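All values below were derived from every heavy atom in this structure, side-chain atoms included, with hydrogens, water molecules and symmetry-related copies excluded. In the text below, chain A, chain B and the rest are named by the order of the sequence lines, each starting its count at 1. In this text, all values refer to a predicted model and were calculated from it rather than measured experimentally.
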Amino acid sequence: MKRSNDPIMWAPFGAGGMLAALFGPVLVFITGIAVPLGLLLPADTMSYGNMLAFTHNVIGKLVILAVIALFTLHGTLRLFHSFHDVGVHLGEGGKFAFFGFGLLVTLAAIVLLL
Amino acid sequence: MSRYKPQLKTYAWHQPADWWIHNPFLLRYQIREWSSLLIVLYALVLLWGLYDLNQGEASWNGWLAAMRSPFFILFHVVTFFVVAYHSYTWFKVMPKTMAPLPIGPKAITLGGWAAVAVISVLVLVITYGLVR
């Protein structure tokens, strides 16, 4: 039997799903609601200086990379199967296109963080 | 359009496109699965922010201004609720999706939800502490 390529895609799916479940709501709240609307957190929370310091820190880099890469790789696998659910059967090529898109996003984040 | 195709030897059944609308269980399934679309879009918004940050201060402030627009406020409010629903369902199905643990299924689900609450408060407090 041909060896399945599924585990390579399901591993980041699981990691991303867990990361999104644990950290997703609070991250969306901070970057998308609290900071833009000036709620709870100081007005300069995501100022240029603060964000530059965060992205120049190794831990900050890893946090940003993990969130962007794993959220995307989680979502693209799930989306691939959701398309199947509504009658759009993308096949093996579509599966690699979705996964490839996730890898491209991951690569872009790495390049931007270097 | 008729689905009757006389050239076919056997009747091919096609699932209707609205199979998930009329059953609340399947509707919730679809909301859960399509939460992934908003999770991907959120990651792309962050990637766009990272790109703008690299371009310099004016560019970054442009991203911040875009986040204050009604469109992105609405996008993030909807995404917040959908991702929160993902958190809810992720731990709800966890007893079925992971290898058996010595603790019961209820403890896994409740433990997961408790972890989300603790982490949410911790991230807010740490962020506040870092930028204060």
So, do B:Glu33 and A:Leu79 sit near enough that their side-chain heavy atoms are less than 4.5 Å apart?
no
Nearest heavy-atom contact between B:Val40 and A:Thr72 is CG2-O, 4.0 Å
Please determine, by modelled atom types, if A:Thr45 and B:Tyr128 share a side-chain donor-acceptor pair under 3.5 angstrom.
no
Proximity breakdown for B:Leu64 and chain A, heavy-atom pairs closer than 4.5 Å
side chain
Just jot down the side-chain hydrogen bond (donor to acceptor under 3.5 Å, both in side chains) partners of A:His74, sequence neighbours excluded, or say none.
A:Arg78
Any non-hydrogen side-chain atom of B:His76 less than 4.5 Å from a side-chain atom of A:Phe29?
no
Would you say that A:Met51 contacts B:Trp63 through its side chain, given a criterion of any heavy-atom pair below 4.5 Å between the two side chains?
no
Among B:Leu53, B:Leu47, B:Asp52, the one residue meeting side-chain contact (heavy atoms from CB on, under 4.5 Å) with A:Leu112:
B:Leu47
Relative to chain B, which segment of A:Ile64 carries a heavy atom at a distance below 4.5 Å: side chain, backbone, both, or neither?
side chain
Rounded to the nearest 0.5 Å, what separation is found between the CE atom of A:Met18 and the CE atom of B:Met94?
3.5 Å
Between B:Trp34 and A:Phe83, is the ring centroid distance below 6.0 Å?
yes
Side chain, backbone, both or neither: which part of B:Tyr29 has a non-hydrogen atom closer than 4.5 Å to chain A?
side chain
Counting only non-hydrogen atoms closer than 4.5 Å, does B:Phe75 touch chain A with its backbone (N, CA, C, O), its side chain (CB onward), both, or neither?
neither
